[in-house]
Amino acid sequence: MIKRLKSNLKLLRTDFSAQVLLGLLIFLAVLPLIYGFPSKFIAYDTFGYYLYLPQFFIEGDIALSDPSAAQYAIDHYELSHVFYQAHDAENGNLVIQYSSGMALVFLPFFLIGHCFAWMLDYPMDGYSAPYHLALLIGGYFYTIVGLILLRKILRHFFNPLVSGLTLVVLLLGTNYLNIQTQSIGMPHIYLFAFYSALIYFTIKWHQEQKLKYAIFIGIVLGWMVLIRPTEIFAVFIPIFWGIYDKVSFKEKFQLLWKNYRMLILCALAAGLMISIQLVYWKHTTGFWVYNSYRNPGEGLNLDHPHLLKFLFSYRKGWLLYTPLMFLPFIALFLKTGSRNKWMWPLILFSIFTIYVSSCWSAWWYAASFSQRTMMQSYPLFALGIGALIQYFLNKGKIKLVVFPVIGLFVVLSVFQTWQFMVHILPPDRITKEYYWEVFGQTKLPDGAYDLLSIDRETAVFDPEKYEEYWSDEIVKEQHLEGVNEWGEGFKIPFEETCNQDYCWYQVDFDAYVPEGSDAHQILVVCHFTYVDQAYAYTPMNLDQDQETVYNEWVHYTFHWISAPVRLPEDRFFAFIWSRQEEIIFKNFKVTSFVEKDR
């Protein structure tokens, strides 16, 4: 122990990359002291990742047959606006929509929090302050582990100077800084550590084919998939490591064939990790494999990518907000000694990961800076950054151009991360006009928020800003009462009613409500459907905007702003649902309005 400590102290004195790493870790620890830690660690999506633990260890009801404890936690601790993290299964249980990998990550820190809740006389419910603090500490633990392993990887390929510079560029010049300090409860920081571990053990196995390294690779890969199934593409790293031409491909095949028993055990280790989810699904739903993500308005559509938006849009373009990530791709064309090891893993991983990530219907991935879904894989991209830095350090005058450009990218990223922290750059809705209005600004310019894209939560229809795009009408009179409660309405593809990313729908009709009917129960309904499943379902009470006049014909008008559509061909529905009350209506007309001069 003392010998190891002396060795580490010597490393700090002599290795520039170790000194840089220590400085960066101190910086990451101090920054939240200035700008604040997350107000709640266990909240929203993180609540869903974590929910397995209190339900299993405290409630003894991981199937959520009685969700009252989870609902109480949401209400009492204000962890979410609604309980969207679990959905009804066919057998009456609730199934958590997120896979269980993050719960395993949180487990040791949950147990530590549980002990401190008992010692300090806090509620031992899984959600009181000691649990939040323990998980926050866990986030920093994984930060340290991931960066230590990454430094070891870089030092395997590069000298201390190049390794240290690569760490600085990666941590400060990308959205790593924002996610580590602002979204530490999300999976990305933890997966960053797993990617570092995967690359580290891949290098170790290729140096000496030991069973323990193969098992570690399998466990890490399986755990990554258990956290986010799309991390399956990380399998390209060990499989294609060291391949760069036909000869190396043949040599790699021979190496894998020679060690096929290790490969089988590696696959079994990965399968064992993934089987945890299968056992949970079987216990909770009765099925070994189950689609727990039950949100028809959001999901993966592999035939409908948003590649250009994902990479370059002002809303959340990865390469717009993290331009330093051009460097690894440039490095693929540079003749460097290390490139032969990671070239094909980086190429294949990037192609599949970027494409699949862009096929998520909510391709902007909620409130975040840049594309957070790419951040966890930065240890792989760091190899390209390091190779480029090493290459141009020895290139005379051209480095006087390259390194100032890299420095400008780092400064831009740090500055925009600060803008995000102080709310000059909002987490979503950024447009080209807004981006350039606040570019380089330390204070929010007057009127800048007017340049953001529309906020669907607060928007009010303004006829001066919109023009009619589509309209249709059902003139005939319809009489609803009793079991005849569904009026004839419209169902039409969104793309036929709108040529922009959103529109307003105006619903007009004349109605006669007999005295004795409850107008509040009568609804005007608008929604979309994806594969015959409704989403963005919005019922509007007949009397919500105007007082009901009975026994007379009255004209009604309703406005509804379209939700983000999953696919352009998703159908828009509009109709009246009487809910067994009596109503007579005619001239049922729907009109769509789009922005003028756009």
Side-chain angles (χ1 to χ4, degrees), residues 17 20-32 34-35 37-38 136 138-154 163-199 224 227-228 231 234 316-329 346 349-350 353-354 357 365-386 388-389 406-421 425 427:
S17 65
V20 167
L21 176 58
L22 179 61
L24 289 171
L25 289 173
I26 293 172
F27 174 73
L28 292 175
V30 170
L31 194 63
I34 300 173
Y35 292 101
F37 291 94
L136 181 62
Y140 279 90
F141 171 80
Y142 274 91
T143 297
I144 293 169
V145 169
L147 292 177
I148 287 176
L149 288 174
L150 177 57
R151 193 200 73 84
K152 288 179 178 289
I153 294 165
L154 294 172
S163 300
L165 291 176
T166 302
L167 287 171
V168 171
V169 168
L170 187 73
L171 268 65
L172 302 185
T174 69
N175 54 332
Y176 178 96
L177 179 61
N178 168 263
I179 293 173
Q180 200 284 331
T181 55
Q182 302 294 304
S183 303
I184 199 168
M186 298 297 285
H188 312 286
I189 285 294
Y190 307 88
L191 282 167
F192 183 99
F194 280 94
Y195 271 93
S196 294
L198 178 62
I199 297 171
M224 290 167 69
I227 293 173
R228 291 180 84 237
E231 305 307 325
K316 207 67 68 76
W318 181 45
L319 295 177
L320 176 72
Y321 289 98
T322 314
L324 270 166
M325 280 298 128
F326 278 109
L327 302 186
F329 300 109
L346 179 63
F349 177 86
S350 298
T353 297
I354 291 172
S357 297
Y365 290 92
S368 60
F369 175 69
S370 188
Q371 285 291 355
R372 70 185 186 194
T373 190
M374 295 300 298
M375 192 280 286
Q376 59 263 28
S377 57
Y378 286 175
L380 178 60
F381 291 92
L383 300 176
I385 295 173
L388 183 140
I389 291 174
I406 294 175
L408 285 174
F409 284 161
V410 172
V411 170
L412 175 64
S413 182
V414 171
F415 182 74
Q416 290 190 328
T417 299
W418 172 82
Q419 284 186 312
F420 187 91
M421 289 179 175
L425 274 180

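Hydrogens, waters and symmetry mates play no part in the numbers below; they use all other heavy atoms, side chains included.
- For Leu136, the side-chain contact (heavy atoms from CB on, under 4.5 Å) criterion is met by Phe37, Phe41, Tyr140, Ile184, not counting sequence neighbours.
- Using the six-membered ring where Trp is involved, Phe381 and Phe329 have ring planes that are perpendicular, over 60° apart on the 30 and 60° scheme.
- Phe420 and Tyr321 have their aromatic ring centers separated by at least 6.0 angstrom.
- Using a 4.5 Å heavy-atom cutoff, the side chains of Gln376 and Phe194 are not in contact.
- Taking both residues in full, the closest heavy atoms of Tyr190 and Gly139 are given as OH-CA, 3.4 Å, listed atom of the first, atom of the second, then distance.
- A distance of 12.0 Å separates OG of Ser196 from NZ of Lys152, quoted to the nearest 0.5 Å.
- Of the possible donor and acceptor atoms, one in the side chain of Lys316 sits under 3.5 Å from a partner among the backbone N and O of Pro427.
- Once rounded to the nearest 0.5 Å, the distance linking OG1 of Thr417 with OH of Tyr176 reads 13.0 Å.
- When all heavy atoms are compared, the tightest approach of Arg228 to Tyr365 is NH2-CE2, 4.5 Å.
- Of the residues listed (Leu383, Val145, Thr166, Leu170), the one engaging Leu150 in a side-chain contact (heavy atoms from CB on, under 4.5 Å) is Leu170, and it is the only one.
- A heavy-atom distance below 4.5 Å is not found between the side chains of Gln180 and Leu31.
- The shortest side-chain heavy-atom distance between Leu147 and Leu24 does not fall under the 4.5 Å cut-off.
- Between the OG1 atom of Thr322 and the CZ atom of Arg372 there is a distance of 14.0 Å, given to the nearest 0.5 Å.
- The shortest side-chain heavy-atom distance between Thr174 and Met325 falls under the 4.5 Å cut-off.
- A donor atom on one side chain and an acceptor atom on the other are not found under 3.5 Å apart for Ser357 and Gln371.
- The shortest heavy-atom contact between Ser17 and Leu167 is O-CD1, 4.0 Å.
- Across all their heavy atoms, Pro328 and Leu346 have their closest contact at O-CD2, 4.0 Å.
- Rounding to the nearest 0.5 angstrom, the gap separating the CE atom in Met375 from the NE2 atom in His188 is 7.0 Å.
- Using cut-offs of 30° and 60° for the angle between ring planes, the Tyr378 and Trp318 rings count as parallel.
- Atom-to-atom distance recorded for Leu198:CG and Met224:CE is 5.5 Å, nearest 0.5 angstrom.
- Shown are Leu28, Leu177, Val414; of these, the side-chain contact (heavy atoms from CB on, under 4.5 Å) with Leu171 is made only by Leu28.
- If you take CG on Leu425 and CZ on Phe369, they are separated by 6.5 Å, rounding to the nearest 0.5 Å.
- Considering all non-hydrogen atoms of both residues, Ser413 and Gly173 come closest at OG-C, 3.2 Å.
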